[in-house]
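Written below as structure tokens is the structure these notes are about.
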Protein chains: 2
Amino acid sequence: MAHPAFAVTVDLVVLTIREDTLQVLVVRRGEAPFKNKSALPGGFVHENEDLETAAARELQEETALTRGEVHLEQLATFGAPHRDPRMRVVTVAYLALAAELPQPRAGTDAAEARWQPVDELLDTGELAFDHAEILHIGVERARSKLEYTPLGTAFCPPEFTVSELRRVYEVVWGTRLDPRNFHRKATKTEGFLVPTDHTTTRDGGRPARLYRAGSIKLLYPPLLRSTAA
Amino acid sequence: MAHPAFAVTVDLVVLTIREDTLQVLVVRRGEAPFKNKSALPGGFVHENEDLETAAARELQEETALTRGEVHLEQLATFGAPHRDPRMRVVTVAYLALAAELPQPRAGTDAAEARWQPVDELLDTGELAFDHAEILHIGVERARSKLEYTPLGTAFCPPEFTVSELRRVYEVVWGTRLDPRNFHRKATKTEGFLVPTDHTTTRDGGRPARLYRAGSIKLLYPPLLRSTAA
DNA sequence: ACAAAAGTGTTATTATTACACCCATGA
DNA sequence: TCATGGGTGTAATAATAACACTTTTGT
């Protein structure tokens, strides 16, 4: 049977928290269409490459981050007929969550890769193609996954304090959480946090115990968005 | 820039409940590869067609169901290099939830479309390509969405009783729910169910009020899987 | 009258929230 | 000693789970 030919790409929504702000990795486009606009990093899937492998490859090209240092999951696929004016491109978007990095690294085909606050990008029409929609869906996915999975830890370094984790939730959700109730809930939820022997005073005040992410994949009961503080 | 050409298809996981069993729509393949095996219905995305439009078109070809009669959402995309031995095919899977239908309708390129219990299909290696994996992910998605969205109503006719809705949850989750607590929870959750003026005795016993699906998109609090009865 | 399912009431348990209070460090 | 965040206790409220009991039909 005859069938049309498509180009297939992967695009990445790489989120991290920098300066108490949710930020996303973007590249500046060097050529038309959308020349000089920002875009999500991405690229063509290779001839003999799996989709997730392509996403991991692009991620490493842009950030030097490898699987195991980031959470990477498929987000959604976008294929409206004229989303790229040059040709019919279907893109499989992936969502990556990472701890704050030393420095983003410029990739092969990316003019410059840099972190930019999500809110700024969604307000201004600064993103090329349908990338604002993709970013929006990625952020919503991250927000809801924080509620019922332990993915908040994906934004933290390997060892972190409870209040560092709490700030992740506050930034991603845009709410304030009661530090005392959050602490109890996070530490009492079986399998969520694994205590280490170490403490730190890097957040000021009394030394805080350091934790690692536990092994569970779902939080029960979930960590819903409470209020105030 | 050079890039490989892909074929892009949509595949459908169409779920319904028949005879107190979760069933999925499958077609029998008439040709190799996987000749005479079952497969999820699907087909190529057309030249100038959006992905969701393609999914809706395939759905209508197979079942005569139109948007508005079913819930249709994107599920996930599968593109392992040799998932189809003939060529490089990336498939965007969609999940459809429908009320029990009069009769499935044979489509243009499908030998025969029929309902088959999900459990049977997942146990036996009866499904072609990677369709067992796609089905598995579709069923898991349906199970979890029933918890925090009002999607259980997608398996019901336009007007339904609370106990018909409860049976949906019992079948999809494979649990028993307390009819009295379920009734209270379903009817008290703001915006979930809209009462009509009608009642029915089709389930036996005292007449039950008929409801329509409400307008909310999320259940708060969620309908978690309780026990016993 | 009886079976069967609809629907309400009540109570024990558990989770959530708000907030008082003490602890251990750096400056 | 004081400010800063870490961490525990506790009581009011809300949600859940279990189950007794009344209601309204068909047969």
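A, B, ... follow the sequence lines: proteins, then strands. Residue 1 opens every chain.
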Taking [atom1] from [X] and [atom2] from [N], how many angstroms apart are they, rounded to a whole number?
{"X": "A:Arg180", "N": "C:dA20", "atom1": "CZ", "atom2": "C1'", "result": "8 Å"}
{"X": "B:Asp178", "N": "C:dG7", "atom1": "CG", "atom2": "P", "result": "14 Å"}
{"X": "B:Asp203", "N": "D:dT24", "atom1": "CG", "atom2": "P", "result": "18 Å"}
{"X": "B:Glu190", "N": "D:dA15", "atom1": "CD", "atom2": "P", "result": "13 Å"}
{"X": "A:Leu219", "N": "C:dA15", "atom1": "CG", "atom2": "C1'", "result": "15 Å"}
{"X": "A:Leu223", "N": "C:dT17", "atom1": "CG", "atom2": "P", "result": "10 Å"}
{"X": "B:Phe182", "N": "C:dA5", "atom1": "CZ", "atom2": "P", "result": "16 Å"}
{"X": "B:Leu177", "N": "D:dT16", "atom1": "CG", "atom2": "P", "result": "13 Å"}

Among B:Leu165, B:Val168, B:Thr196, find the one that has a side chain to side chain contact (heavy atoms under 4.5 Å, CB included) with B:Phe160.
-> B:Leu165

Under 4.0 Å between a side-chain N/O of [X] and OP1 or OP2 of [N], yes or no?
{"X": "A:Ser163", "N": "D:dG6", "value": "yes"}
{"X": "B:Lys185", "N": "D:dT16", "value": "yes"}
{"X": "B:His183", "N": "C:dA6", "value": "no"}

Closest to the 5' end of DNA chain D, once B:Pro221 and A:Val162 are matched to their nearest nucleotides, is A:Val162

Which sits closer to the 5' end of DNA chain D, A:Gly205 or A:Lys188, going by the nucleotide each is nearest to?
-> A:Gly205

Distance-minimising heavy-atom pair for A:Glu190 and A:Ile216 = O-CD1, 3.6 Å

Contact nearer the 5' end of DNA chain C, comparing B:Arg167 with B:Tyr220 | B:Arg167

What nucleotide among [options] has an atom nearest to a side-chain atom of [X]?
{"X": "A:Arg184", "options": "C:dA24, D:dA20, C:dC19", "answer": "C:dC19"}
{"X": "B:Ala208", "options": "C:dG7, D:dC19, D:dG6", "answer": "C:dG7"}
{"X": "A:Asn181", "options": "C:dT17, D:dA18, D:dT16", "answer": "C:dT17"}
{"X": "A:Arg206", "options": "C:dC23, C:dG7, C:dC19", "answer": "C:dC23"}

Geometric class of the A:Tyr169/A:Trp173 ring pair [parallel <30°, tilted 30-60°, perpendicular >60°] = perpendicular

What is the nucleic acid contact for B:Thr187, judged by heavy atoms within less than 4.0 Å: base, sugar-phosphate only, or nothing?
-> nothing

With side chains defined as the heavy atoms from C-beta onward, is the minimum distance between B:Glu62 and B:Val14 less than 4.5 Å?
-> no

Just do the salt bridge (Lys or Arg N to Asp or Glu O under 4.0 Å) check on A:Arg167 and A:Glu164 with the steps written out, would you?
-> CA-CA 5 Å; A:Arg167 269 168 226 135; A:Glu164 287 161 2; 5.7 Å; no

